[in-house]
There are 2 protein chains.
Amino acid sequence: MYSIGQLSKNTGVKVTTIRYYEEIGVLTEPERTQGHQRRYDVAALERLRFVKHARDLGFTIQAIESLIQLQESPEKSCKEATDIANEQLLDVRRRIKQLRSLEKELARIVKGCSGEGTSQSCYVLAALADHELCEKDH
Amino acid sequence: MYSIGQLSKNTGVKVTTIRYYEEIGVLTEPERTQGHQRRYDVAALERLRFVKHARDLGFTIQAIESLIQLQESPEKSCKEATDIANEQLLDVRRRIKQLRSLEKELARIVKGCSGEGTSQSCYVLAALADHELCEKDH
DNA sequence: CTTGAACCTCTAGTTACTGAAGATATTACA
DNA sequence: TGTAATATCTTCAGTAACTAGAGGTTCAAG
């Protein structure tokens with residue numbers, strides 16, 4: 001059995017976050033000692049690892065809840081899990097695309113300014129003030 | 001003079017968001033009609049455009065506040081603005097890098113699963129449960 | 001002068017945590 | 001066994017950047 005601190009060290013999830021996960025139902029309520037402290041079994045550890053890994057990959061808590069549901073009904077179709085992962089993948093790709101276009105414009109703005117004058121003549125500020133200075137819409 | 005709705009249409013910033021910006025001090029308090037409704041001048045419109053553009057580029061409200069400070073003291077060095085923009089650029093690049101590595105792993109996970117079996121044997125779920133199946137740390 | 005759209009304030013909710021206060025439990029060591 | 005240090009407990013509030021709704025008032029057009 002693990003204390004909440006040991007669980008935390010084992011997974012890299014903060015103690016407060018573990019309690020939060022319990023509160024919102026992502027983790028089930030663990031046993032308690034007589035003094036009311038939480039004690040976790042290996043299943044809880046594995047579940048938390050799952051959650052951590054999925055969070056690291058950018059899944060929302062909601063998506064993770066769906067995935068847990070699936071895990072717990074092994075007869076269900078695998079397609080749902082694949083769909084969720086796919087959706088996440090598409091989302092990541094969308095975000096990359098958007099960030100790339102931001103990067104481009106930011107790089108252009110930064111490049112246009114030597115950083116030497118006063119802010120009155122700063123190209124960075126001018127570019128931010130005036131959308132017309134953008135290469136294209138965003 | 002613009003009403004808050006006209007300002008909203010002109011900038012693409014929602015009415016509620018405009019009021020929120022005022023509350024947190026990003027926009028200064030505008031004049032009011034006798035009936036207590038907000039009326040904005042052109043300066044306010046331009047300032048909101050600036051904020052919108054910077055937000056679209058991913059600047060935090062805090063960074064935007066610094067930029068506004070700079071705009072309002074034209075004798076200050078332009079370097080500060082360039083620094084903020086540069087920091088933002090670096091941050092965008094960091095995020096892109098991280099998302100790329102997520103994309104890679106997600107693609108691998110999704111690819112490993114046909115979506116046809118039951119969730120019991122689902123590779124997506126297995127990969128999320130077991131960090132060992134990852135190609136590298138993240 | 002009426003009517004309907006736009007506006008007002010205030011409160012609460014969103015996501016996914018994080019931190020602090022003040023009290024209690026456990027553990028290690030003497 | 002006693003005590004001190006560390007860990008844990010609950011509860012509440014705060015973070016970023018909005019968004020939405022209730023219930024009431026004002027404006028502008030016909």
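Every chain is numbered from 1 and lettered A, B, ... according to where its sequence line falls, protein lines coming before strand lines.
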Distance check needed: [N] [atom2] versus [X] [atom1], whole Å only.
| X | N | atom1 | atom2 | value |
| --- | --- | --- | --- | --- |
| B:Ile24 | D:dT19 | CD1 | C1' | 14 Å |
| A:Leu48 | C:dC17 | CG | P | 11 Å |
| A:Glu65 | C:dT15 | CD | P | 10 Å |
| A:Glu29 | D:dC9 | CD | P | 12 Å |
| B:Gln34 | D:dC27 | CD | P | 8 Å |
| B:Ile64 | D:dC18 | CD1 | C1' | 13 Å |
| A:Gln62 | C:dA16 | CD | C1' | 13 Å |
| A:Glu22 | D:dT11 | CD | P | 12 Å |

What are the two closest heavy atoms between [X] and [Y], and how far apart are they?
| X | Y | result |
| --- | --- | --- |
| B:Glu103 | A:Ile96 | OE1-CD1, 3.6 Å |
| A:Met1 | A:Glu31 | CE-OE1, 3.7 Å |
| A:Leu128 | B:Phe50 | CB-CE1, 3.4 Å |
| A:Ile84 | A:Ser66 | CD1-CB, 3.5 Å |

Could you tell me whether the side chain of A:Leu125 reaches within less than 4.5 Å of the side chain of A:Ser119, counting heavy atoms only?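 A:Ser119 reaches A:Leu125 side chain to side chain.
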Side chains of B:Val51 and B:Ile68: closer than 4.5 Å at any heavy-atom pair?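 Touching, per the 4.5 Å side-chain cut-off.
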Any chance you could list the contact pattern along nucleotides 5-14 of chain C? Use B for base contacts, S for sugar-phosphate-only contacts and - for none, protein heavy atoms under 4.0 Å, 5' to 3'. --SSB-----
Would you mind telling me which of C:dT18, D:dC18, D:dT19 lies closest to the side-chain atoms of A:Thr17? C:dT18
Counting only side-chain heavy atoms from C-beta out, which of C:dC17, D:dA20, D:dC18 sits nearest to A:Ile61?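 Out of C:dC17, D:dA20, D:dC18, the nucleotide with an atom closest to A:Ile61's side chain is C:dC17.
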Summary of side-chain hydrogen bond (donor to acceptor under 3.5 Å, both in side chains) pairs that have at least one residue in residues 14-28 of chain B, sequence neighbours excluded: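 Matches after skipping sequence neighbours: B:Glu22-B:Arg38.
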NA contact type, B:Tyr21, heavy-atom cut-off 4.0 Å: base, sugar-phosphate, or nothing? sugar-phosphate
Is B:Thr33 near enough to D:dC27 that one of its side-chain N or O atoms lies under 4.0 angstrom from OP1 or OP2? yes
